2 protein chains.
Amino acid sequence: MYRKLPPMAALRAFEAAAQLVSFKAAAAQLHRTPSAISHQIRSLEDELGTVLFHRDAHGLRLTDAGREYYRDVHGVLEALGEATARARQGHGEDTVTISLFPSLAVRWLIPRLQAFRERWPDIEIELVSSVRRADFDGGVIDAAIRFGDGDWPGLRCDPLMIEERFPVCSPALTTGTRPLETPDDLAHAILLHNGAHPGEWDDWLAAAGIGHIAADRGPVFDASNEVLAAAANGMGVALGRTPLVESDLATGRLVEPFGQRLRSPGQYWLVAPEATADQPSLAALRAWLQEQPVSFASQSGLL
Amino acid sequence: MYRKLPPMAALRAFEAAAQLVSFKAAAAQLHRTPSAISHQIRSLEDELGTVLFHRDAHGLRLTDAGREYYRDVHGVLEALGEATARARQGHGEDTVTISLFPSLAVRWLIPRLQAFRERWPDIEIELVSSVRRADFDGGVIDAAIRFGDGDWPGLRCDPLMIEERFPVCSPALTTGTRPLETPDDLAHAILLHNGAHPGEWDDWLAAAGIGHIAADRGPVFDASNEVLAAAANGMGVALGRTPLVESDLATGRLVEPFGQRLRSPGQYWLVAPEATADQPSLAALRAWLQEQPVSFASQSGLL
DNA sequence: TGAGCGGATGAATTTAATTCATCCGGGCTG
DNA sequence: CAGCCCGGATGAATTAAATTCATCCGCTCA
């Protein structure tokens, strides 16, 4: 039967463009370039022999035929999406269980997961946040985010991001009578310590060439989350790590008073057993993670 | 909002394969190789994580999930086809859109359409195959082929052909250790049932004077295409209907073991709204259909 | 038991989709 | 008013997907 139907890519491009009345925005939504949308819609129009959009000086507008076709196409894609979701196995390949540190989960992954869910609504991400290293043997954990040198036998390791360490504190500490302005001012500040990273202050102070400040003063916290919360509350100065403090820096809860960063040896990796590393939903997550912008990259001096 | 949708090629391959219960036949219908269908359906199954077809020794069968997904996909593609036809320019006098049952389309009209195209190369025939009764209100459907008594108000009805019902099976069942030779042998055979025609076996057995065979044994299928595919695969004996089994009888995929046919009350009609029933291209199609030889007419006893 | 059928599979090829680089036109701004 | 953004268009190049080809496999039937 010769029932000529447009390709899926063209229908989706048209649906998005009609919804947003913008090829550029449609491209962003579908993770394509505007050029791709333009090509698809052009070829759809050619194939139909019908103009779907007016492109005039005042931008884009649906034609009457385009509006009508949009209603139909939208309904059809909606129905197809539901049917396909129904046909899809529930808890199989569409659920990815990831193990990672609680701090990384809370301060880095979870804020981004919202966007991932919008991008891949059919992929369910389960987080197992733990300070213990993930055990892949049970078959429960699909992947983990680990910090290290990427040398874990039997696991596929894909690089995610580097780590930079530098003092962070509440913005309140950089103003007032005795503001933090140079690393030397740390002599008068309370240093907040992370029990999981003993000696981290020594490392940074040494790299910054500050030998005369005692690094062993101040309270010790059990986890990064606690150290950073204390710092945000103005209790003192913490040694922040880039992926973890990214959102706090972005929202202004924390500031970086000096600009001298110390690159950590090693970096973050997405690791998964070789055998299951290529399952589609994990591959989607990996690709998505890797295309995330590294907004926290050092703007200033790297030590 | 992003949702993962299968490619059009995969959907069409699946639709055709599900309708015909055969990759090879689907390939022929779509002008592709069986390999292409196999690849597409395989990748669709992989993507869904759902098995859509049982492939066992006795040939192809839809799984429950496959049957459900087929219903959805078929509806969606049909709606898309109508919407696209509506959006398309030049649905003029040289295009005729016909609605008919999928089984009649696949097993009767499509095989003949080739010849029609040669006779009338300028007339484009669009098929909308659906189990729903055609709705002429939208202006999309020009005509339909319906089975019934020809009494549809407001529609011009031209008779096409009668229907005769009789057992059919794979030629394999008429040979071997226990061949089907007389209707009494049906006692030992598996009767294949069509959910759309409950009681059809009772009717035929009663007319044939076989009171002592229980008609309610055997699997029930959703559609004529499935029943006939199962029969052709040697699964059992189906109750065939003349226009539908014509090509299978001609190619030898099915045989008629007994020769006793039951004439159905009612017949097939070409129906079209009175207002547009005489448009030239539809008139050409009507004339051509009516001059088609009725190659399946009963050669033997009519009950 | 070996020929034939329908489907599966992997590599090669063909075809479609997407990007890249560039262009165009109009409105906005300095 | 010139220059410059901005969004879209366009054609060639690139990348990705669909399809074919060649072959294999398991089963059935002479």
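Reminder, nothing fancy here: chain letters follow the sequence lines and each chain counts from 1. These figures come from a predicted structure and were not determined experimentally.
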All N/O pairs under 3.5 Å across the protein-nucleotides 17-20 of chain C interface:
from: C:dT18; atom 1: OP1; to: A:R32; atom 2: NH1; distance (Å): 3.2
from: C:dT18; atom 1: OP2; to: A:Q40; atom 2: NE2; distance (Å): 2.9
from: C:dT19; atom 1: OP2; to: A:T33; atom 2: N; distance (Å): 2.6
from: C:dT19; atom 1: OP2; to: A:T33; atom 2: OG1; distance (Å): 2.7
from: C:dT19; atom 1: O4; to: A:H39; atom 2: NE2; distance (Å): 3.0
from: C:dC20; atom 1: N4; to: A:S35; atom 2: OG; distance (Å): 2.5

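- Listed for the B:T63 side chain is a donor-acceptor partner under 3.5 Å among the backbone atoms of B:L52.
- The two residues A:R12 and A:L30 make their nearest non-hydrogen contact at O-CD1, 3.7 Å.
- The main-chain N or O of B:L20 is never found under 3.5 Å from a side-chain atom of B:N225 such that the two would form a donor-acceptor pair.
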List every contact pair, protein side and nucleotides 24-26 of chain D side both N or O, where the distance is under 3.5 Å.
none

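- Residues passing the salt bridge (Lys or Arg N to Asp or Glu O under 4.0 Å) test with B:D185: none are found, sequence neighbours excluded.
- Formation of a donor-acceptor pair under 3.5 Å by the B:T84 side chain with backbone atoms of B:G81 is not found in this model.
- Between B:P257 and B:P167, the closest heavy-atom pair is CD-O, 3.3 Å.
- As a whole-Å value, the separation of A:R42 CZ from C:dA16 C1' is 17 Å.
- Paired with B:N194 under the rule side-chain contact (heavy atoms from CB on, under 4.5 Å), one option of B:L228, B:V227, B:V220 passes, and it is B:V227.
- The salt bridge (charged side-chain N to carboxylate O under 4.0 Å, His left out) analysis of residues 234-244 of chain B, with sequence neighbours excluded, yields the pairs B:E163-B:R241, B:E200-B:R241.
- Atom CZ of A:F23 is separated from atom P of C:dC24 by 20 Å (rounded to the nearest Å).
- As rounded to whole Å, 16 Å separates atom P of D:dA17 from atom CG of B:L11.
- In this structure, A:L5 atom CG and C:dA16 atom P are separated by 15 Å, rounded to whole Å.
- Checking side-chain atoms of A:S281 against main-chain N and O of A:I123 turns up no donor-acceptor pair under 3.5 Å.
- Across the protein-nucleic acid pair, B:D46 atom CG and C:dA8 atom C1' stand 12 Å apart, rounded to whole Å.
- Distance CZ (A:R55) to C1' (C:dG26): 17 Å, rounded to an integer number of Å.
- Between B:R253 atom CZ and C:dG6 atom C1' the separation is 10 Å, expressed in whole Å.
- Contacts between residues 62-69 of chain A and DNA chain C, defined by a heavy-atom separation under 4.0 Å, are absent.
- Between B:F14 atom CZ and D:dA18 atom P there is a gap of 17 Å when expressed in whole angstrom units.
- In terms of the side chain to side chain contact (heavy atoms under 4.5 Å, CB included) criterion, residue partners of B:A231 (sequence neighbours excluded) are, by chain and number, B:L192, B:A238, B:L254.
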Next item on the list: Take A:E45 and A:R55, measure what salt bridge (charged side-chain N to carboxylate O under 4.0 Å, His left out) needs, and give me the verdict at the end.
Entry: CA-CA 13 Å; A:E45 289 180 323; A:R55 294 111 161 137; 3.0 Å; yes
